[in-house]
Amino acid sequence: MYRFLLTRQWVILTLVGIVLIPVMIKLGFWQLHRHEQRVARNDQIARSLEHAPVPVTDLTAPGREVAHENVWRRVTAKGTYDTKGEVVVRLRTDNSGKSGFMVVTPFVLDDGRAVLVNRGWIPADAGQREYPKVPAPPSGRIDLTGRLRADEDPGSGIRDTKGLPPRMIMIINSERQAKELHRPVLGGFLELVSPAPEGQPQTIDEPDHSSIGNHMAYTVQWWLFSAFVPVGWVILVRRERRDQIAAAAAAAAEEEAVPAGV
(Lines give C-alpha, C1' and ligand atoms only; values in the text may rest on other atoms or scores of the structure.)
Protein backbone atom coordinates (compact mmCIF):
# COMPACT_ATOMS: atom_id res chain seq x y z
CA MET A 1 0.00 0.00 0.00
CA TYR A 2 2.79 2.41 0.86
CA ARG A 3 5.48 0.97 -1.35
CA PHE A 4 6.12 4.39 -2.83
CA LEU A 5 7.89 5.26 0.46
CA LEU A 6 10.74 3.01 -0.71
CA THR A 7 11.32 5.02 -3.88
CA ARG A 8 14.44 7.16 -4.11
CA GLN A 9 12.46 10.41 -3.98
CA TRP A 10 10.60 9.49 -0.80
CA VAL A 11 13.65 8.01 0.93
CA ILE A 12 15.54 11.27 0.36
CA LEU A 13 12.56 13.36 1.50
CA THR A 14 12.19 11.26 4.67
CA LEU A 15 15.90 11.46 5.49
CA VAL A 16 15.89 15.24 5.03
CA GLY A 17 12.96 15.51 7.43
CA ILE A 18 14.69 13.28 10.00
CA VAL A 19 17.78 15.50 9.84
CA LEU A 20 15.82 18.77 9.99
CA ILE A 21 13.90 17.93 13.17
CA PRO A 22 16.88 17.77 15.60
CA VAL A 23 18.60 20.67 13.82
CA MET A 24 15.56 22.90 14.32
CA ILE A 25 15.18 21.78 17.94
CA LYS A 26 18.85 22.63 18.54
CA LEU A 27 18.41 26.04 16.91
CA GLY A 28 15.45 26.64 19.20
CA PHE A 29 17.55 25.86 22.27
CA TRP A 30 20.31 28.11 20.94
CA GLN A 31 17.87 31.01 20.71
CA LEU A 32 16.52 30.16 24.17
CA HIS A 33 20.04 30.32 25.62
CA ARG A 34 20.61 33.66 23.90
CA HIS A 35 17.38 34.91 25.47
CA GLU A 36 18.51 33.73 28.90
CA GLN A 37 21.91 35.37 28.41
CA ARG A 38 20.26 38.63 27.37
CA VAL A 39 17.98 38.58 30.44
CA ALA A 40 20.94 37.82 32.72
CA ARG A 41 22.97 40.62 31.10
CA ASN A 42 20.12 43.09 31.57
CA ASP A 43 19.70 42.08 35.20
CA GLN A 44 23.43 42.46 35.84
CA ILE A 45 23.53 45.91 34.22
CA ALA A 46 20.46 47.04 36.17
CA ARG A 47 21.98 45.88 39.46
CA SER A 48 25.27 47.62 38.69
CA LEU A 49 23.62 50.90 37.76
CA GLU A 50 21.48 50.84 40.91
CA HIS A 51 24.53 50.87 43.19
CA ALA A 52 25.66 54.20 44.62
CA PRO A 53 29.00 55.40 43.17
CA VAL A 54 32.12 54.21 45.01
CA PRO A 55 35.80 55.17 44.56
CA VAL A 56 37.26 53.41 41.53
CA THR A 57 40.12 52.04 43.64
CA ASP A 58 37.57 49.98 45.62
CA LEU A 59 36.76 47.87 42.56
CA THR A 60 39.97 47.64 40.55
CA ALA A 61 43.74 47.91 40.76
CA PRO A 62 46.76 47.74 38.41
CA GLY A 63 47.03 44.33 36.76
CA ARG A 64 43.63 43.28 38.06
CA GLU A 65 40.71 42.30 35.86
CA VAL A 66 37.39 43.95 36.53
CA ALA A 67 35.07 41.39 38.12
CA HIS A 68 32.00 40.56 36.05
CA GLU A 69 29.62 41.74 38.77
CA ASN A 70 31.38 45.13 38.88
CA VAL A 71 31.12 45.93 35.17
CA TRP A 72 28.89 48.99 34.64
CA ARG A 73 29.23 50.02 38.30
CA ARG A 74 29.38 53.78 38.77
CA VAL A 75 32.65 54.91 40.29
CA THR A 76 34.29 58.17 41.29
CA ALA A 77 37.86 59.40 40.92
CA LYS A 78 39.80 62.51 41.94
CA GLY A 79 42.80 63.76 40.01
CA THR A 80 43.89 65.39 36.76
CA TYR A 81 43.77 64.47 33.09
CA ASP A 82 47.08 63.64 31.39
CA THR A 83 46.71 64.68 27.77
CA LYS A 84 50.23 63.53 26.88
CA GLY A 85 49.01 59.95 27.04
CA GLU A 86 45.75 60.65 25.23
CA VAL A 87 44.79 58.35 22.34
CA VAL A 88 41.80 57.83 20.07
CA VAL A 89 40.11 54.52 19.27
CA ARG A 90 39.26 53.97 15.64
CA LEU A 91 36.00 52.69 14.12
CA ARG A 92 33.69 53.48 17.01
CA THR A 93 30.11 54.72 16.75
CA ASP A 94 28.16 57.36 18.59
CA ASN A 95 24.77 56.87 20.21
CA SER A 96 23.09 57.08 16.78
CA GLY A 97 25.48 54.68 15.03
CA LYS A 98 27.66 57.22 13.20
CA SER A 99 31.30 56.15 12.84
CA GLY A 100 34.16 58.08 14.39
CA PHE A 101 36.64 57.93 17.28
CA MET A 102 36.45 57.43 21.01
CA VAL A 103 38.76 59.68 23.01
CA VAL A 104 40.66 57.90 25.79
CA THR A 105 42.59 60.08 28.22
CA PRO A 106 44.57 58.85 31.25
CA PHE A 107 43.31 60.30 34.51
CA VAL A 108 46.04 60.52 37.13
CA LEU A 109 44.80 59.91 40.65
CA ASP A 110 46.14 61.67 43.74
CA ASP A 111 48.29 58.62 44.57
CA GLY A 112 50.06 58.70 41.18
CA ARG A 113 48.23 55.78 39.63
CA ALA A 114 46.12 56.34 36.53
CA VAL A 115 42.84 55.09 35.14
CA LEU A 116 41.86 55.24 31.47
CA VAL A 117 38.81 57.39 30.82
CA ASN A 118 36.77 57.11 27.65
CA ARG A 119 35.68 60.74 27.42
CA GLY A 120 33.30 60.04 24.55
CA TRP A 121 32.88 60.13 20.79
CA ILE A 122 34.08 62.60 18.16
CA PRO A 123 33.46 62.51 14.39
CA ALA A 124 36.15 61.54 11.89
CA ASP A 125 36.87 61.94 8.20
CA ALA A 126 36.10 59.10 5.83
CA GLY A 127 39.56 57.56 6.00
CA GLN A 128 40.13 57.82 9.74
CA ARG A 129 43.86 57.87 9.03
CA GLU A 130 44.78 61.23 10.55
CA TYR A 131 44.74 62.12 14.19
CA PRO A 132 41.59 64.21 14.73
CA LYS A 133 41.19 67.50 16.51
CA VAL A 134 40.29 66.54 20.07
CA PRO A 135 38.69 68.97 22.54
CA ALA A 136 40.96 69.47 25.54
CA PRO A 137 39.65 68.00 28.82
CA PRO A 138 38.92 70.18 31.84
CA SER A 139 42.17 71.33 33.43
CA GLY A 140 43.20 71.18 37.06
CA ARG A 141 42.12 68.77 39.76
CA ILE A 142 38.57 67.52 39.26
CA ASP A 143 36.15 64.92 40.61
CA LEU A 144 34.67 62.70 37.93
CA THR A 145 32.08 59.94 37.77
CA GLY A 146 32.11 57.13 35.25
CA ARG A 147 30.90 53.60 34.53
CA LEU A 148 33.49 50.88 35.06
CA ARG A 149 34.22 48.68 32.07
CA ALA A 150 36.39 45.61 31.59
CA ASP A 151 39.44 45.76 29.32
CA GLU A 152 38.85 44.99 25.69
CA ASP A 153 41.00 42.34 24.01
CA PRO A 154 41.44 40.94 20.49
CA GLY A 155 39.48 37.84 21.49
CA SER A 156 36.37 39.97 22.04
CA GLY A 157 35.97 40.28 18.28
CA ILE A 158 37.42 43.80 18.04
CA ARG A 159 40.14 43.92 15.39
CA ASP A 160 43.62 44.90 16.59
CA THR A 161 45.83 46.25 13.80
CA LYS A 162 49.51 47.10 13.70
CA GLY A 163 50.87 50.03 11.74
CA LEU A 164 48.29 52.58 12.85
CA PRO A 165 49.16 56.28 12.90
CA PRO A 166 50.61 57.54 16.19
CA ARG A 167 48.19 57.83 19.13
CA MET A 168 45.57 55.64 17.45
CA ILE A 169 44.46 52.29 18.85
CA MET A 170 41.84 49.68 18.08
CA ILE A 171 41.03 48.41 21.56
CA ILE A 172 40.98 49.93 25.05
CA ASN A 173 43.28 47.84 27.22
CA SER A 174 44.81 49.11 30.47
CA GLU A 175 47.77 46.71 30.39
CA ARG A 176 48.82 47.82 26.91
CA GLN A 177 48.42 51.50 27.69
CA ALA A 178 50.36 51.13 30.95
CA LYS A 179 53.42 50.18 28.88
CA GLU A 180 53.08 53.43 26.95
CA LEU A 181 52.40 55.60 29.98
CA HIS A 182 55.17 54.13 32.17
CA ARG A 183 53.00 54.31 35.26
CA PRO A 184 50.63 51.95 37.10
CA VAL A 185 47.21 51.89 35.42
CA LEU A 186 44.11 50.49 37.07
CA GLY A 187 42.55 47.50 35.33
CA GLY A 188 39.65 48.25 33.02
CA PHE A 189 38.56 51.75 32.05
CA LEU A 190 35.82 54.28 32.72
CA GLU A 191 33.06 55.59 30.49
CA LEU A 192 32.74 59.21 31.51
CA VAL A 193 29.43 60.30 32.97
CA SER A 194 30.34 63.68 34.49
CA PRO A 195 31.58 66.32 34.33
CA ALA A 196 31.09 66.68 30.59
CA PRO A 197 30.96 70.42 29.81
CA GLU A 198 29.69 71.74 26.49
CA GLY A 199 32.16 71.34 23.65
CA GLN A 200 33.53 68.05 24.98
CA PRO A 201 33.30 64.66 23.20
CA GLN A 202 29.81 63.16 23.11
CA THR A 203 29.41 60.98 26.19
CA ILE A 204 28.13 57.43 25.81
CA ASP A 205 24.58 56.58 26.81
CA GLU A 206 23.87 53.98 29.45
CA PRO A 207 23.67 50.47 28.00
CA ASP A 208 20.22 49.33 26.96
CA HIS A 209 19.04 46.92 29.63
CA SER A 210 15.32 46.95 28.93
CA SER A 211 15.10 45.22 25.56
CA ILE A 212 15.29 41.43 25.48
CA GLY A 213 15.22 41.12 21.69
CA ASN A 214 13.32 38.56 19.64
CA HIS A 215 15.19 35.45 20.80
CA MET A 216 12.18 33.92 22.56
CA ALA A 217 10.02 34.43 19.48
CA TYR A 218 12.69 32.75 17.36
CA THR A 219 12.82 29.89 19.88
CA VAL A 220 9.10 29.21 19.47
CA GLN A 221 9.41 29.62 15.71
CA TRP A 222 12.14 26.99 15.37
CA TRP A 223 10.29 24.53 17.59
CA LEU A 224 7.08 25.01 15.61
CA PHE A 225 9.02 24.37 12.41
CA SER A 226 10.37 21.13 13.92
CA ALA A 227 6.80 20.07 14.74
CA PHE A 228 5.58 20.95 11.25
CA VAL A 229 8.11 18.60 9.60
CA PRO A 230 6.47 15.29 10.67
CA VAL A 231 3.01 16.79 10.26
CA GLY A 232 3.88 17.91 6.74
CA TRP A 233 5.42 14.52 5.97
CA VAL A 234 2.20 12.73 6.99
CA ILE A 235 0.11 15.13 4.89
CA LEU A 236 2.32 14.51 1.84
CA VAL A 237 2.17 10.74 2.36
CA ARG A 238 -1.61 10.75 2.58
CA ARG A 239 -1.87 12.99 -0.47
CA GLU A 240 0.44 10.69 -2.45
CA ARG A 241 -1.56 7.66 -1.35
CA ARG A 242 -4.83 9.36 -2.31
CA ASP A 243 -3.44 10.32 -5.71
CA GLN A 244 -2.25 6.77 -6.33
CA ILE A 245 -5.66 5.33 -5.39
CA ALA A 246 -7.36 7.84 -7.70
CA ALA A 247 -4.93 6.99 -10.51
CA ALA A 248 -5.54 3.26 -10.03
CA ALA A 249 -9.31 3.78 -10.03
CA ALA A 250 -9.09 5.83 -13.21
CA ALA A 251 -7.01 3.14 -14.88
CA ALA A 252 -9.49 0.43 -13.85
CA ALA A 253 -12.38 2.49 -15.20
CA GLU A 254 -10.63 2.86 -18.54
CA GLU A 255 -10.08 -0.87 -18.75
CA GLU A 256 -13.75 -1.54 -18.06
CA ALA A 257 -14.75 0.96 -20.72
CA VAL A 258 -12.75 -0.82 -23.43
CA PRO A 259 -15.03 -3.34 -25.28
CA ALA A 260 -14.04 -6.96 -25.05
CA GLY A 261 -11.93 -8.17 -27.97
CA VAL A 262 -10.80 -4.69 -28.94
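On a predicted model such as this, the values are computed, not experimentally measured, just so you know.
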message = With rounding to the nearest 0.5 angstrom, report the NE2 to CD distance, His35 to Gln37.
response = 11.0 Å

remark   = CZ of Arg34 to CD of Gln31, rounded to nearest 0.5 Å, is 5.5 Å

key: Set of side-chain contact (heavy atoms from CB on, under 4.5 Å) partners for Leu27, sequence neighbours left out   = Val23, Trp30, Trp222

query = Is any side-chain heavy atom of Val19 less than 4.5 Å from a side-chain heavy atom of Leu15?
reply = no

query = Can you check whether Leu59 reaches Val66 side chain to side chain, under 4.5 Å on heavy atoms?
reply = no

Transitive ILVMFWY side-chain link Leu20 to Val11, under 4.5 Å = no

query = Do NZ/NE/NH1/NH2 and the carboxylate oxygens of Glu86 and Arg119 come within less than 4.0 Å?
reply = yes

message = Can you list everything that forms a side-chain contact (heavy atoms from CB on, under 4.5 Å) with Lys98? Sequence neighbours excluded, please.
response = Asp94, Ser96, Trp121

request  = Locate the shortest heavy-atom distance separating Lys179 from His182; write the atom from each residue and the value.
outcome  = O-CE1, 3.3 Å

ask   = After noting the C-alpha distance and the side-chain angles of Arg90 and Ile169, does the key distance pass the side-chain contact (heavy atoms from CB on, under 4.5 Å) rule?
value = CA-CA 6 Å; Arg90 298 180 72 240; Ile169 60 176; over 6 Å; no

message = If I take atom CD from residue Glu152 and atom CZ from residue Arg176, how far apart are they, to the nearest 0.5 angstrom?
response = 10.5 Å

Parallel, tilted or perpendicular: ring planes of Phe228 versus Phe225, cut at 30 and 60 degrees = tilted

task = Check whether any side-chain heavy atom of Val88 sits under 4.5 Å from a side-chain heavy atom of Pro132, and report yes or no.
result = yes

task = Write down the atom of Leu109, the atom of Ala77, and the distance for their closest heavy-atom approach.
result = CD2-CB, 3.8 Å

query = For the atom pair CZ (Phe29) and CE (Met24), what is the distance rounded to the nearest 0.5 Å?
reply = 15.0 Å

ask   = Quick one: do Phe107 and Val54 end up in the same hydrophobic cluster if we chain Ile, Leu, Val, Met, Phe, Trp and Tyr together by side-chain heavy atoms under 4.5 Å apart?
value = yes

ask   = So do the side chains of Leu144 and Pro195 get within less than 4.5 Å of each other, counting heavy atoms only?
value = yes

request  = Would you please name every residue forming a side-chain contact (heavy atoms from CB on, under 4.5 Å) with Glu65, sequence neighbours left out?
outcome  = none

Other residues, nucleotides, ligands: >12 heavy atoms within 6.0 Å of Glu175 CD = no

query = Going by heavy atoms in the side chains, are Leu148 and Leu190 under 4.5 Å from each other?
reply = yes

remark   = Heavy atoms of Ile171 and Asp153 approach each other most closely as CD1-CA, 3.9 Å

query = How far apart are the C-alpha atoms of Phe101 and Met168, what are their side-chain angles, what is the distance that settles it, and do they pass the side-chain contact (heavy atoms from CB on, under 4.5 Å) test?
reply = CA-CA 9 Å; Phe101 296 103; Met168 283 192 189; 3.9 Å; yes

query = Can you name the nearest heavy-atom pair linking Val231 to Ala227, along with the distance?
reply = CG2-O, 3.3 Å

note = Taking every heavy atom of Ala114 against every heavy atom of Arg183, the minimum-distance pair comes out as CB-CD, 3.5 Å

Salt-bridge contact Arg113-Asp111 (side-chain N to carboxylate O under 4.0 Å) = yes

inquiry  = Quick one, Asn118 and Ile172 - any side-chain contact, counting heavy atoms below 4.5 Å?
reply    = yes

ask   = For Asp110, what residues pass the salt bridge (Lys or Arg N to Asp or Glu O under 4.0 Å) criterion, not counting sequence neighbours?
value = Arg141

Euclidean distance, Arg242 CZ relative to Glu240 CD, rounded to 0.5 Å = 10.0 Å

task = Quick one: pull up CD in Gln202 and CG in Leu192 and give me the separation to the nearest 0.5 Å.
result = 12.5 Å

query = Which of these passes side chain to side chain contact (heavy atoms under 4.5 Å, CB included) with Val103: Val89, Val117, Val87, Ile122?
reply = Ile122

task = Return each pair, listed once, that meets side chain to side chain donor-acceptor pair (under 3.5 Å) where at least one residue sits in residues 8-28; pairs must be two or more places apart or across chains.
result = Thr14-Trp233

message = Going by the rule side-chain contact (heavy atoms from CB on, under 4.5 Å), which residues pair with Arg147 if we only count those two or more places apart in sequence or in a different chain?
response = Leu49, Trp72, Arg74, Glu191, Val193, Ile204, Glu206, Pro207

ask   = Can Val229 be reached from Ile12 by stepping across I, L, V, M, F, W or Y side chains whose heavy atoms are under 4.5 Å apart?
value = yes

request  = Give a yes or no answer on whether the side chain of Asp151 reaches the backbone of Ser174 with a donor-acceptor pair at less than 3.5 Å.
outcome  = yes

request  = Please examine the side chains of Tyr81 and Ile142, heavy atoms only from C-beta on, and report whether any two atoms are closer than 4.5 Å.
outcome  = yes

task = State, with a plain yes or no, whether a side-chain heavy atom of Gln44 is found less than 4.5 Å away from one of His68.
result = yes

inquiry  = Does either side chain, that of Asp205 or that of Asn95, offer a donor lying less than 3.5 Å from an acceptor on the other one?
reply    = yes

ask   = Should Ile21 and Leu236 be regarded as members of a common hydrophobic cluster, given that ILVMFWY residues are connected when their side-chain heavy atoms come within less than 4.5 Å of each other, either directly or indirectly?
value = no

key: Hydrophobic cluster identity match, Val39 and Leu32, side-chain contacts under 4.5 Å   = no

task = Start with the C-alpha gap between Ile25 and Trp223, add the side-chain angles, then the distance that decides, and say whether side-chain contact (heavy atoms from CB on, under 4.5 Å) holds.
result = CA-CA 6 Å; Ile25 291 174; Trp223 287 347; 4.3 Å; yes

task = Can you see which heavy atom on Tyr131 is nearest to which on Arg167, and at what distance?
result = OH-NH2, 3.2 Å

query = Would Leu116 and Val185 satisfy side-chain contact (heavy atoms from CB on, under 4.5 Å), going step by step from the backbone distance to the final call?
reply = CA-CA 7 Å; Leu116 301 180; Val185 178; 4.1 Å; yes

